[in-house]
Trainee: 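Below you will find the structure I want to go over with you.
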Amino acid sequence: MRNPVRLFTFIGAILCAGQLLPAAAWEHWGGDRGGSRFSPLKQITPDNVDRLVRAWEFRTGDLDSRAGDVMRRTKFQATPLLVEDSLIFCSPFNEVIALDPGSGAQKWRFDPKISTNQRPANRYTCRGVAYWVDGEAPENAACRARIFMGTNDARLIALDARSGAPCGDFGAAGEIRIDVGMPLEWPGEFQITSAPVIARDTVIVGSAIADNRRVEGPAGTVRAFDARTGRPRWSFDPLDRSGITAGHANVWAPMSVDEERGLVFLPTSSPSPDFWGGKRPGNNDHANSVVALRVETGERVWSYQTVHHDVWDYDLSAQPTLARIETGGGQRDVVIQPTKQGFVFVLDRDTGKPVWPVEERAVPQGGAEGEQLSPTQPFPTHVPPLLSQQISADDVFGLIPFWEREACRAKVASARNDGIYTPPSTQGSVIFPMTGGGVNWGGAAFDPVNQILIANTTRAIHIVKLIPRDQAQGFEPPPGHDFGRQHGAPFAMTRAVALSPLGLLCNKPPWGEMVAVDLKGGRILWRSRVGTTEDRAPLGIALPFGTPLVSGVAITAGGLVFTGAMDAYLRAFDARSGRELWQGRLPVPGVANPMTYMWKGEQYVAIGAGGHSESGTTIGDSVVAFRLARPEETPSPRSRTIDRPGGRFMSGAIAVVSAIVLMVVLVWRWRRRRAGRA
């Protein structure tokens, strides 16, 4: 590097990466406090990744011990942490489990005894736990190192990170029961699904609340507690309630913290209900926003709204990513916020102001009766959208053109479709990108050395229809349609993914893509399809269409990007080109964020593989880890053939053809013998 400025920038980025994450560890859900999902480990590289072998598989036992109908309401989304010489994660039922990092053997286990009768609105899930060390406690004191977890039944639990025993000095016998502040319609209406965050001895937790039930739903209050005692420190309601009637604007997605600045960054959601906002006029400030609060007091420092008066369920589902980037005008500390619409907002970390221009553009109007839509919405202009944001009836897909494609065409053509931000209607409206993204809870990853942002995206169509209140009583939604009563509003609603008669997505592939972005240059570097139809299609046919991708990625200094998908493989991609280099077979799809760690001189990559019931995948209960083959090992022939996308179909086809050939030969020989006797 002849340019000295570039040289110092490069060195600074490496030092920054080293400060973000110790070389062996993965101590936070997003890799570091700022959710960069970047590891400085580089033992595994594009040159040797094809030598990865399965190191171990651990099963929680849920699949064998719990009823089938209960397991069909689970989503295994946990990312393990490497702390205190253990891999620690939570199951969908909030059991916290510590494993030996090298063998996968269980070291300890804590069961909070979650009721399986509560039917949580967002299914049984736990994305992760949080780790904190009390610097004031003696070195060997119990609960000096703590694991914090929020639960499906609205508890915040503190455990000793070395033994799994509850911390008796925290709350009541190691737990706090969250006071929702109003009666719930049923116990599962309110839960905690994402990991808490901790900074300056303060543990902060959000909530997940059932959508589209009622106008006056529970408040989306963010709560903070003393990490030692559990005493409440502050609470913050993200929604400005002046002159409106609404609830929610909760923070169900993962949060980020800046320990040095003493800030916590909240990705807030939409007010209730999602698809009609006549009783909440105005922009609904601090909903659908990145909000920066003082960790110690809960004081709001700044807020930036990404959607005004949301009626599309375009809440902020992704963790804000904290990074130091080169802007062309020097290095700046920023908050990077990807969205369901596929936008990437880059905000100054101290002020919340956009680093590059954001335009307010006119959007479709003519909402449902009583609606008061915002005339404009914010559009970033420097970083392009990660995916297309409009679709027409001519853009539909079907394997059988004169049947399947025409059915999709009719479905899209029958709905109102004015492009992004088409308002919900009684006719039915096309919501594209769908309400699941774009980018979902898996978030984005940032490589601080190469200054590249990488994110998984989903491409699918939702059709949302408003049902007038006089027609909603006793309404039976068609199969495959979500139904929201939206009590207190003049409309109920239905929502469905646009599917063909064969059950395929109506929009053209790819249905899931990994996208790499040069933030400084404002350009897409590459796109790669992720996933096949193998685990959903008959006979295991592996069509390379990509799969919806709600989970995220992990980047390594070795030049690799790891991700799961909705087929049963962990994949590795070249971080520079996006080329898919390796697939490791999993027992069921790994719809969770992967992580990587170093243990006794060997780099491992691990992922939760338990499936995703809302997406219809196979359900399991595993965590699987891979490492490079040791000198005495070689990847098995099966891992290079059958355990590759399409391998099962090909092996099955070969077996069938072989059987047919064998039968033909046997019949032919039998006839020859019979003819010889004659």
Side-chain angles (χ1 to χ4, degrees), residues 25-29 55-67 70-71 73-116 118 120 123-133 142-176 191-196 203 587-588 590 592 595 597 599 604 606-611 619-625:
W26 191 279
E27 295 187 347
H28 305 273
W29 181 82
W56 51 261
E57 175 186 353
F58 173 83
R59 292 189 55 201
T60 67
D62 285 333
L63 203 59
D64 298 326
S65 63
R66 299 189 188 270
V70 172
M71 291 302 296
R73 298 198 298 271
T74 62
K75 298 184 292 189
F76 199 133
Q77 299 178 335
T79 300
L81 307 184
L82 178 66
V83 295
E84 301 297 327
D85 293 337
S86 297
L87 276 185
I88 303 179
F89 68 99
C90 52
S91 79
F93 301 99
N94 295 118
E95 289 189 74
V96 184
I97 302 170
L99 306 179
D100 180 280
S103 67
Q106 181 175 305
K107 298 174 71 172
W108 57 257
R109 187 181 193 125
F110 170 80
D111 183 359
K113 302 191 184 307
I114 294 293
S115 169
T116 54
Q118 62 179 342
R123 313 250 171 153
Y124 292 100
T125 188
C126 179
R127 293 192 186 92
V129 298
Y131 170 69
W132 176 72
V133 176
C143 285
R144 180 179 187 271
R146 300 187 179 199
I147 296 294
F148 290 94
M149 174 187 62
T151 69
N152 288 293
D153 59 1
R155 287 180 279 168
L156 176 61
I157 295 175
L159 306 173
D160 185 288
R162 296 169 183 169
S163 68
C167 296
D169 56 352
F170 182 85
E175 68 177 46
I176 296 166
Q191 60 191 125
I192 302 170
T193 55
S194 291
V203 56
V588 301
M595 55 84 72
Y597 62 95
W599 183 252
Y604 291 73
I607 189 169
I619 298 300
D621 60 0
S622 298
V623 175
V624 182

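Note that the structure is predicted; figures quoted are calculated from it, not measured.
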Trainee: Which heavy-atom pair separates G164 from L159 by the least distance, and what is that distance?
Mentor: O-CD2, 3.6 Å
Trainee: So which heavy atom on E27 is nearest to which on A25, and how close?
Mentor: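 Minimum heavy-atom contact is CG-CB, 3.6 Å.
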Trainee: If every non-hydrogen atom of E57 is compared with every non-hydrogen atom of S622, which pair is closest and at what distance?
Mentor: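 Looks like OE2-OG, 2.7 Å.
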Trainee: In the structure I gave you, are the side-chain heavy atoms of V623 and F89 within less than 4.5 Å of one another anywhere?
Mentor: yes
Trainee: Would a distance-only check, ignoring hydrogens and angles, find a side-chain to backbone donor-acceptor pair under 3.5 Å from N94 to G150?
Mentor: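 Yes, the answer is positive, given that a donor and an acceptor are paired below the 3.5 Å cut-off.
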Trainee: What's the separation between atom CH2 in W29 and atom CZ in R127, rounded to the nearest 0.5 Å?
Mentor: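 Answer rounded to 0.5 Å: 7.5 Å.
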Trainee: Any donor and acceptor pair, going by atom type alone, linking the side chain of Y597 with main-chain N or O of P101 inside 3.5 Å?
Mentor: yes
Trainee: Is a donor on one side and an acceptor on the other found under 3.5 Å between the side chain of Y131 and the backbone of E84?
Mentor: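 Pair absent, no side-chain N/O of Y131 close to backbone of E84.
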Trainee: Less than 4.0 Å between a side-chain N and a carboxylate O, is that true for D111 and R109?
Mentor: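 Looking at D111 together with R109, the answer is no, because their closest N to O distance does not fall below 4.0 Å.
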Trainee: Kindly give the heavy-atom pair with the smallest separation between D160 and W108, and that separation in Å.
Mentor: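 Closest pair (atom of D160, atom of W108, distance): O-CZ2, 3.9 Å.
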Trainee: Under a 4.0 Å N-O cut-off, is there an ion pair linking D621 with R66?
Mentor: no
Trainee: Is L87 close to M595 at the side-chain level, that is, under 4.5 Å between some pair of heavy atoms?
Mentor: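 With C-beta onward as the side chain, the pair touches.
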Trainee: Please report the shortest heavy-atom distance between A195 and G128, naming the atom on each side.
Mentor: CB-O, 3.3 Å
Trainee: Quick check: do D62 and T74 have side-chain heavy atoms less than 4.5 Å from each other?
Mentor: no
Trainee: Could you go step by step and tell me if W56 and L99 meet the side chain to side chain contact (heavy atoms under 4.5 Å, CB included) rule?
Mentor: CA-CA 11 Å; W56 51 261; L99 306 179; 3.9 Å; yes
Trainee: Side chain of W599, backbone of Y604: donor and acceptor closer than 3.5 Å?
Mentor: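 No, the answer is negative, given that no donor and acceptor are paired below the 3.5 Å cut-off.
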Trainee: Which of these, V129, I147, T79, sits in a side chain to side chain contact (heavy atoms under 4.5 Å, CB included) with C90?
Mentor: V129
Trainee: Measure from the side-chain N and O atoms of T125 to the backbone N and O of K75, and report whether any donor-acceptor pair falls under 3.5 Å.
Mentor: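 Between the backbone of K75 and the side chain of T125 there is a qualifying donor-acceptor contact (under 3.5 Å).
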Trainee: State, yes or no, whether a side-chain contact exists between E95 and T60 at a heavy-atom distance under 4.5 Å.
Mentor: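 E95 vs T60: side chains apart.
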Trainee: For the pair I176 and F170, evaluate side chain to side chain contact (heavy atoms under 4.5 Å, CB included) and give the outcome as yes or no after the intermediate values.
Mentor: CA-CA 8 Å; I176 296 166; F170 182 85; 3.5 Å; yes
Trainee: In terms of ring plane angle, is the pair F93 and Y124 parallel, tilted or perpendicular, where the classes change at 30° and 60°?
Mentor: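 Geometry flag for Y124 against F93: tilted rings.
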Trainee: Does the side chain of P166 reach to within under 4.5 Å of the side chain of E175, using non-hydrogen atoms?
Mentor: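 Result no, sub-4.5 Å side-chain heavy-atom pair not found.
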Trainee: Find out whether V588 and F76 are in side-chain contact, i.e. whether some heavy atom of one side chain is under 4.5 Å from a heavy atom of the other.
Mentor: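 V588 does not reach F76 side chain to side chain.
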Trainee: State the CD1-OG1 distance between I157 and T151, to the nearest 0.5 angstrom.
Mentor: 5.5 Å
Trainee: With no hydrogens and no angle check, is any side-chain donor or acceptor of S86 less than 3.5 Å from a backbone partner on I88?
Mentor: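 No.
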Trainee: Which value, rounded to the nearest 0.5 Å, describes the distance between N152 atom CG and R123 atom CZ?
Mentor: 12.5 Å
Trainee: Take R59 and D64, measure what side chain to side chain contact (heavy atoms under 4.5 Å, CB included) needs, and give me the verdict at the end.
Mentor: CA-CA 10 Å; R59 292 189 55 201; D64 298 326; 3.4 Å; yes
